[in-house]
Undergrad: 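Questions regarding the structure given below will be posed in turn.
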Amino acid sequence: MTHLVQRSFAGRTLSMETGRLAQQANASVLVRYGDTMVLVTMCVASETVGGMDFVPLTVDYEEKLYAAGKIPGSFIRREGRPTEEATLTARLVDRCLRPLLSKRLGRETQVVATVLSADKENNPDVCALIGASAALCCSEVPFAGPVSAVRVGLIDDVLVVNPSMASMAESRLDIVVGSTRDAVVMVEAGASEVAEERILEAIRLGHEANLETIALQDELVALCGRPKLVVKPYEAPADLVAGVSSAISAGLAAALNQADKGARAGALDALKNQVSTSWVEKYPEEEVAYVYDSQLKKHVREHILRTREHVDGRRYDEIRPITTEVGVLPCTHGSGLFTRGQTQALTITTLGSERQEQLLDGLGLAETKRFMHHYNFPGFSTGEVRRLRMPGRREIGHGALAERAIAPVIPSEELFPYTIRLVSEVLSSNGSSSMASVCGSTLSLMDAGVPIKAPVAGIAMGVISGEGDKQVVLTDIEGMEDALGDMDFKVAGTAEGITALQLDIKMQGINPRLLGEAMSQARDARLRILAKMAETISASRPELSPFAPRVLELKIDVEKIGALIGPGGRNIRAIIEETKTTIDVKNDGRVMIGSTNEESTRRAVKMVEDLTREAKIGDLYTGKVTRILDFGAMVEILPGKEGLVHISELAEHRVATVQDEVKLGDEITVKVVEIDSLGRVNLSRRAALAGDSDDYESRQSRPPSNRPPRQGPRPPQRPPQGGPRRF
């Protein structure tokens with residue numbers, strides 16, 4: 001049976017329909033917002049898998065290019081590996097759903113969101129989350145939802161819920177807020193140095209707006225919801241819990257009193273082996289391990305709440321020791337090394353021409369991207385043996401977060417006409433390597449001489465919650481506190497405001513008041529980190545690395561673009577091949593010439609100027625004789641531009657035949673003496689040889705020659721285009 005619910009939301013109709021499509025899935029919901037349509041299906045396996053404390057959830061987000069009327073640009077012309085945007089959307093949906101699913105279900109659960117129609121007005125990502133929540137709520141899977149998400153923009157200093165994709169280009173804030181009825185479960189944001197207070201206002205607005213779509217999901221569940229599976233909570237034997245708890249209490253203090261991650265992990269492993277040895281004869285090893293992990297989490301959290309200290313003994317708001325370096329790699333365009341405690345990120349900057357922009361083959365409005373940040377997380381960064389592989393969801397997500405944090409300070413294309421690629425190599429990790437990448441990227445950009453608007457730093461915040469209202473907000477959490485805590489809240493920005501946020505939680509929600517406290521604490525930490533970075537480098541270097549390409553910008557007449565490119569690109573290819581430079585031509589007449597060789601750049605500039613320059617009366621040119629006529633010679637003064645030297649203008653003396661003075665292929669110096677109304681150019685070798693400064697009209701008083709007069713007025717002269725700009 002088909003069921004449909006709908007309502008007006010943020011000025012457009014939002015509808016959810018079930019029962020018409022994908023009828024063999026455990027649950028399927030077709031979400032429509034405007035003309036954007038996303039089909040979300042949910043399937044759950046019948047057999048249990050995994051351990052006792054694991055959510056076997058998989059979320060996939062499929063961008064079908066037919067949804068936007070596109071054919072894939074790949075060789076095989078079909079969708080292949082998910083785009084970066086698709087991967088990030090899948091992560092966004094997963095991060096909202098996972099905290100609300102029961103860890104005791106133990107069944108593989110898969111959510112697939114497929115974009116069927118994309119109107120390029122309404123972003124499909126929030127539709128995917130709403131549909132995933134509705135599908136889970138209607139299914140038999142235990143789920144502490146509904147959950148919903150909205151996007152909030154800041155346009156003309158006004159917060160707007162779900163603005164159009166086009167209007168988001170003018171927004172200073174792009175924040176997605178996921179929440180249940182009672183609390184926020186996920187935040188993802190990019191901003192242009194927006195104040196913390198404004199961010200909190202946007203989160204509250206997003207939470208309120210989500211209540212409308214949650215109510216719509218309730219209507220759908222009332223029509224077609226199914227009874228939930230009964231999941232019995234695990235009750236550990238009392239003697240096992242007491243014995244393990246006692247052993248942990250006795251040995252935990254000594255194990256935690258280790259600043260080094262490896263030493264602490266070794267002490268905790270020894271404690272775990274001791275506990276396991278004592279109880280495995282009576283209870284299954286898996287059960288003992290589960291009780292140990294749960295009791296360790298309980299005792300560590302109690303320790304933090306009681307002492308208000310990190311597990312390594314730092315104060316709750318203390319940052320681990322920081323060291324910074326620049327210019328680490330001599331042959332790169334820029335490099336920065338940022339070390340905070342046992343987390344270390346090395347970021348390398350590479351500059352390229354604009355033709356090296358990334359081509360985007362997705363459902364969004366953007367077709368290219370000139371700033372890229374990539375993040376690598378090899379196994380050795382945590383002391384593990386792990387196969388090197390293509391970037392996974394974690395690497396893509398962390399790279400995108402750092403890219404979002406840095407993007408607002410990247411100079412515009414007009415000020416800095418380069419494609420910029422950053423690569424962060426995580427060399428050691430013990431918490432918040434993505435925020436270390438943000439700091440390393442800032443150092444690297446300044447070392448490369450990229451004129452960024454302001455330095456950016458990032459910090460990861462955590463929360464430990466206890467009974468009642470007892471809570472501790474931790475600054476600069478490390479790996480163990482991330483794993484055992486309730487929140488991983490990454491905050492990046494400049495001294496003026498926030499540029500990126502990412503909130504992940506392990507509990508079922510967090511209130512905006514606590515987020516405000518965390519953001520305030522994060523601002524203090526960010527300013528301290530920026531001050532430490534400034535001790536190494538406080539502003540971008542005035543010059544680029546000698547290994548970086550130099551770009552010269554020329555301005556040519558728009559009408560001359562065709563002449564520069566030539567038939568089938570012949571002219572511009574010839575310049576590129578001869579000079580080994582890169583040349584990018586813009587529709588407004590800007591020409592970017594890039595090369596690491598100064599001489600090659602100058603040659604390319606001259607060739608472009610010659611191809612696009614207009615001949616002007618009074619200018620001298622050295623050109624090649626291309627044709628011999630009875631009454632004169634044709635001379636190529638500019639590429640593709642010829643002029644006539646009449647026989648009377650070949651020399652100061654009388655010339656009987658043209659061949660007496662010049663031959664085909666000779667190079668001669670001539671002067672432009674006339675350009676007629678049809679654009680035909682008359683040249684004089686006689687004036688060039690004599691250094692004659694008179695214009696053509698003044699020489700008409702001389703004795704008449706055998707040259708017929710030109711008819712029509714002289715065309716107006718074009719103003720000079722100006723010299724090249726160097727970057």
Side-chain angles (χ1 to χ4, degrees), residues 255-269 310-314 318-329 332 334-349 373-389 391-403 405-406 422-445 447 456-462 474-485 488 490-492 502 504 525-526 528-529 532-533 535-537:
L256 290 183
N257 191 23
Q258 306 277 351
D260 181 77
K261 172 186 174 183
R264 187 189 317 129
L268 289 174
D269 285 344
H310 287 269
V311 293
D312 59 5
R314 287 177 289 138
E318 186 178 350
I319 305 171
R320 287 170 287 179
I322 292 173
T323 59
T324 58
E325 298 178 53
V326 294
V328 180
L329 307 177
T332 60
S335 57
L337 181 65
F338 181 86
T339 306
R340 185 190 60 243
Q342 289 180 290
T343 295
Q344 185 178 66
L346 173 65
T347 301
I348 299 91
T349 299
H373 181 281
H374 298 147
Y375 167 102
N376 295 319
F377 191 84
F380 65 76
S381 64
T382 54
E384 298 176 72
V385 177
R386 190 168 68 230
R387 287 179 55 192
L388 295 177
R389 60 185 188 277
R393 288 190 173 188
R394 183 182 189 276
E395 286 83 1
I396 291 173
H398 281 32
L401 174 60
E403 180 177 297
I406 299 291
L422 299 177
V423 179
S424 288
E425 303 285 357
V426 179
L427 306 181
S428 179
S429 178
N430 185 18
S432 190
S433 55
S434 62
M435 294 297 96
S437 297
V438 170
C439 300
S441 296
T442 295
L443 295 170
S444 181
L445 286 166
D447 181 54
V456 181
I459 194 72
M461 310 297 295
L474 298 174
T475 298
D476 183 23
I477 58 173
E478 57 174 282
M480 185 177 187
E481 292 160 342
D482 182 7
L484 303 183
D488 180 11
K490 300 179 177 71
V491 185
Q502 188 177 91
D504 290 318
R526 187 170 77 244
R528 280 181 273 160
I529 295 172
K532 184 66 178 177
M533 292 164 58
E535 294 176 7
T536 299
I537 185 169

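Heads up: numbering here begins at 1 and tracks the sequence. Nothing here was measured: the structure is a model prediction, and the numbers come from that model.
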Undergrad: Of all the heavy-atom pairs spanning Leu346 and Leu329, show the shortest one and how long it is.
TA: CD2-CD1, 4.3 Å

Undergrad: Supply the atom-to-atom distance Met435 CE to Ile477 CD1, rounded to the nearest 0.5 angstrom.
TA: 11.0 Å

Undergrad: Quick check for you: to the nearest 0.5 Å, what is the distance between Glu425 atom CD and Thr347 atom OG1?
TA: 8.5 Å

Undergrad: Measure across Ala492 and Ala405 and return the closest heavy-atom pair with its distance rounded to 0.1 Å.
TA: CB-CB, 3.7 Å

Undergrad: Which value, rounded to the nearest 0.5 Å, describes the distance between Asn376 atom CG and Ser433 atom OG?
TA: 11.0 Å

Undergrad: Of all the heavy-atom pairs spanning Arg264 and Asp312, show the shortest one and how long it is.
TA: NH2-CB, 3.6 Å

Undergrad: Can a donor-acceptor pair be found, under 3.5 Å and without considering hydrogens, that links the side chain of Ser441 to the backbone of Ser437?
TA: yes

Undergrad: Compare every heavy atom of Gly479 with every heavy atom of Asn430, then report the nearest pair and how far apart it is.
TA: OD1-N, 3.2 Å

Undergrad: Applying side-chain contact (heavy atoms from CB on, under 4.5 Å), name anything that partners Ala483, two or more places apart in sequence or on another chain.
TA: none

Undergrad: Side chain to side chain contact (heavy atoms under 4.5 Å, CB included) for Leu474 and Met461? Distances and angles first, verdict last.
TA: CA-CA 6 Å; Leu474 298 174; Met461 310 297 295; over 6 Å; no

Undergrad: If I take atom CD from residue Glu403 and atom CD1 from residue Ile396, how far apart are they, to the nearest 0.5 angstrom?
TA: 11.5 Å

Undergrad: Can you tell me if Gln342 and Asp260 form a side-chain donor-acceptor pair at under 3.5 Å?
TA: yes

Undergrad: Tell me, please, which residues at least two apart from Ser432 pass side chain to side chain donor-acceptor pair (under 3.5 Å).
TA: none

Undergrad: With a 4.5 Å cut-off on side-chain heavy atoms, are Leu256 and Met480 touching?
TA: yes

Undergrad: For the residue pair Gln344 and Ser428, confirm or rule out a side-chain donor-acceptor distance under 3.5 Å.
TA: no

Undergrad: Assess the residue pair Leu443 and Ile537 against the criterion (side chain to side chain contact (heavy atoms under 4.5 Å, CB included)); give the C-alpha distance rounded to whole Å, side-chain angles, the decisive distance to 0.1 Å, and a yes or no.
TA: CA-CA 7 Å; Leu443 295 170; Ile537 185 169; 3.8 Å; yes

Undergrad: So, does Lys261 use its side chain to make a donor-acceptor pair with the main chain of Ser429 at under 3.5 Å?
TA: yes

Undergrad: For Arg528, enumerate each residue passing the salt bridge (Lys or Arg N to Asp or Glu O under 4.0 Å) test, keeping only those at least two apart in sequence or located in another chain.
TA: none

Undergrad: Closest heavy-atom contact between Ile459 and Ala525?
TA: CG1-CB, 4.1 Å

Undergrad: Once side chain to side chain donor-acceptor pair (under 3.5 Å) is applied, do any residues pair with Thr332, and if so which ones, sequence neighbours excluded?
TA: none

Undergrad: Would you compute the distance between atom CG of Leu427 and atom OG1 of Thr339 and round it to the nearest 0.5 angstrom?
TA: 8.0 Å

Undergrad: As a quick check of understanding, evaluate side chain to side chain contact (heavy atoms under 4.5 Å, CB included) for Phe338 and Ile322, giving each step before the final call.
TA: CA-CA 7 Å; Phe338 181 86; Ile322 292 173; 3.7 Å; yes

Undergrad: Carefully, step by step, assess Ser424 and His374 under the rule side chain to side chain contact (heavy atoms under 4.5 Å, CB included).
TA: CA-CA 6 Å; Ser424 288; His374 298 147; over 6 Å; no

Undergrad: Run His310 and Glu478 through side chain to side chain donor-acceptor pair (under 3.5 Å) and show every step you take.
TA: CA-CA 9 Å; His310 287 269; Glu478 57 174 282; 5.7 Å; no

Undergrad: What residue pairs, at least two apart or across chains, pass salt bridge (charged side-chain N to carboxylate O under 4.0 Å, His left out) with a residue in residues 334-346?
TA: Arg340-Asp476

Undergrad: Could you measure the distance from the CD1 atom of Ile406 to the OG1 atom of Thr442? Nearest 0.5 Å is fine.
TA: 3.5 Å

Undergrad: Would you confirm whether Ser335, through its side chain, and Ile348, through its main-chain N or O, come within 3.5 Å as a donor-acceptor pair?
TA: no

Undergrad: Mind checking ring-ring contact (aromatic ring centres under 6.0 Å, His included) for His398 and listing every partner two or more places apart, or none if nothing turns up?
TA: Tyr375

Undergrad: For residues Ala457 and Met533, report the shortest heavy-atom separation together with the two atoms involved.
TA: CB-SD, 4.1 Å

